Amino acid sequence: MSKPRSEIRPSGLHWAILGIQFLLIALLIVPRNTAETLLFFLCTLFVLTLHWRFRQPDWLLSVLLAILVVCSFKWPHVTYLLSPLLCLSCMHNRPWHAFFALVPIILFGPEHTYWLALIATMSGYLLYFWNRNLASVEQQSDSLRRRVYELEQTEEHLLRDQNSVQVVSRMTERQRIAEMLHDNLGHDLSAAHLAVKATGTLLEGKRYDAALRSQEKALQRLGNAIAELRSTVRRIEPEQENDLDRITRLVNSFSYPMEFSVEGNFSRVPAAVGQLLFVSMQEALTNIIKHAKPSLISVRLKITQAIVRAVIENDGIEEHAPPPTGSGLRYMRKRIEAVHGSLSIRRENVFSLIMIIPLGE
Amino acid sequence: MKFYAFAIKEDLRHPVNSLLILLLPIPLLFIPANAGSYPFGISLYGMVIMYSSFLLSRPVAEDRMHGIITRIAASPVRPFTYLASHLLGYLTLLGIQMSLFMIGSMIAHGDAVHGRLPILSLYLSFSIMCLALSLSWNTLFRSFNISFGLFAGLASLLCLVGGVSIPLFLLPRSIIGYIMFLPTYWLPHGLDAIHAGDMVAFWQSHAILLVFASIFLLIGSKRRF
């Protein structure tokens, strides 16, 4: 796992700026350094370290500011130490604090204090605006991330619902077939069954004429049943073209040179899988048009006892093309994985997209 | 209390530490006095405190470097209790060393060293500062040996420039403003103040050493795994 790239943030940078300010102050107070000045310097440093370490409440900084303001009346060099507090006040957008820090600097501060105060104010407000802007960007980014998460949840629900709808429609279709078989064939087959039984009884009683009549009736009933069965099957069969026809038409409609082959019995493929196969192949071929310049596209379908495997290859890989990460492929993968299938991509001399979808029961 | 006793036991388990506490200060007692100041060994003892505090604080540094601190953080022990007990344990050992040194100075120098209680209190503040400095210094490194190697150089420089291993009056006046920013300056400054009877300067030295110690403690106690 790669280490996340460290980035400069205002919260980190403001401590660096405060450090530089303390260094400048140290250099400025050196010629007139006394134990009192150093004690003030260290106490200010201590409070700011405490603030950094424990995120102390703001009143601590206010107390320090008040002490330094009062002491600057007696020791003018203490005004140097007001500039880090001025920077912090500007960074947290506290104009009153900044005002109270600025007054003694203007009234009692030695010459260099003005420059320090100017740098502190400017850097403080720059950091404040940067921080505000960053917070706004982060908020937007969080909102977008939440939206994407919600969409993914919705997509998952839809896929689950799609599976449920498939199961329900399959059950409904079975029930419809059962009803048609019962209504149209049941009576004739029952009558034929009874006639055959009667024929047996008549033969046992050696009543051959009656047995022949009964056999004729049974044959007539069975003939009716076969005719009804044919008629029912014709009614059950979908009237529109089947999925293989649609796929063939899709492949033939492409302007690129195509090689299309089907191996195995396509009638074994359930309607839901056929529809998924058609949609996925449509997406894959559209992607080829968008992102590749092939001289030949090969589409191979293989139907076995348990799975259907579709391999779509094209030789038009562009040298500097980024790896495929679009939402089309992502949705295709999700849809295939929702029916326990798999989608894999191989990028060698040719670009291969391999779909394996189980045929189910 | 358990951590406190454990810290002392852990330090005393190494014979080098016992020798350090008992024998290292002894040669300093035989350094003769300069005119108008305490015997030089009294000031030079600050260097011994610096090295002793660094070596004594080794277990805390190694706990962090070997990842033991992660296990401690996962246990119900508060980090404050762990750190405070260890530092108090090391301070106790340094206190014993200081007391022995003061007894030795009484024997070796007699009345030439006056104000032993203020000197002892100044040593105590200085050793607190040194322990805090060692703690924060060790947080910068992942290996104790590298840390000690570099600290040896730093401590020698701090003592040399800060007036611990060279009398303050020998240092040029022009650099005093700069070296006041070094924590080591305030031990010889305080000792001179005690010798001159300047109690204001003595308390200033105390205050500055303790503020330095607080800053170093705040930096050194930040949890780094």
Side-chain angles (χ1 to χ4, degrees), chain A residues 1 3-4 6 11-12 14-16 18-57 60-61 63-64 67-68 71 74-78 80-81 83-85 88 110 112 116, chain B residues 78-80 83 122 125-126 128-129 132-133 135-136 139 161-163 168 171-194 196 198-224:
Chain A
M1 196 175 151
K3 203 178 173 182
S6 60
S11 52
H14 97 273
W15 290 114
L18 286 178
I20 293 167
Q21 282 193 18
F22 269 99
L23 201 67
L24 284 174
I25 293 166
L27 288 172
L28 285 170
I29 63 174
V30 156
R32 291 169 287 272
N33 200 1
T34 59
E36 291 87 11
T37 318
L38 186 73
L39 203 53
F40 278 117
F41 178 87
L42 289 176
C43 285
T44 311
L45 193 61
F46 168 70
V47 172
L48 290 184
T49 317
L50 200 66
H51 188 68
W52 161 71
R53 182 73 176 74
F54 294 112
R55 297 271 167 219
Q56 284 297 306
L60 194 73
L61 290 176
V63 169
L64 178 70
I67 291 170
L68 290 179
C71 292
K74 191 166 189 299
W75 294 286
H77 290 104
V78 171
Y80 284 130
L81 296 168
S83 63
L85 295 180
L88 270 182
H112 300 297
L116 267 180
Chain B
R78 286 168 59 206
F80 175 79
L83 198 63
L122 199 65
S125 295
F126 187 72
I128 292 171
M129 188 280 296
L133 175 66
L135 189 73
S136 56
T139 56
V161 182
L168 274 180
L171 294 171
R173 298 296 304 165
S174 55
I175 66 160
I176 293 292
Y178 292 96
I179 61 171
M180 280 170 97
F181 284 99
L182 303 179
T184 41
Y185 168 80
W186 297 96
L187 176 70
H189 179 83
L191 289 172
D192 285 353
I194 297 168
D198 182 356
M199 291 317 281
V200 176
F202 165 71
W203 287 115
Q204 277 172 351
S205 300
H206 258 301
I208 289 172
L209 282 172
L210 290 176
V211 177
F212 264 121
S214 311
I215 294 169
F216 290 140
L217 270 178
L218 283 176
I219 297 167
S221 62
K222 191 164 170 60
R223 225 187 279 177
R224 291 183 182 91

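In what follows, chains carry the letters A, B, and so on, assigned in the order in which the sequence lines appear, proteins first and then strands, with residues in each chain numbered from 1. This structure is a prediction, so every number in the text was calculated from the model and none was measured.
Atom CH2 of B:Trp203 has 12 or fewer neighbouring heavy atoms from other residues, nucleotides or ligands inside a 6.0 Å radius.
Proximity to chain B is limited to the backbone of A:Thr34, based on heavy atoms less than 4.5 angstrom apart. There is no contact between A:Leu48 and chain B, counting heavy-atom distances below 4.5 Å.
The two residues A:Arg53 and B:Ser221 make their nearest non-hydrogen contact at NH2-O, 2.7 Å. Scanning both residues, A:Ala35 and B:Met180, for their nearest heavy atoms gives N-CE, 3.7 Å.
Atom CG in B:Leu210 sits 11.5 Å away from atom CG in A:Leu42 (nearest 0.5 Å).
Residues satisfying the ring-ring contact (aromatic ring centres under 6.0 Å, His included) criterion with B:Phe181, sequence neighbours excluded, are A:Phe41.
In terms of non-hydrogen atom pairs under 4.5 Å with chain A, the most contact-rich of B:Val200, B:Val211, B:Ile215 is B:Ile215.
A:Leu38 has its side chain out of reach of B:Tyr185: every pair of non-hydrogen atoms, C-beta onward, lies at least 4.5 Å apart.
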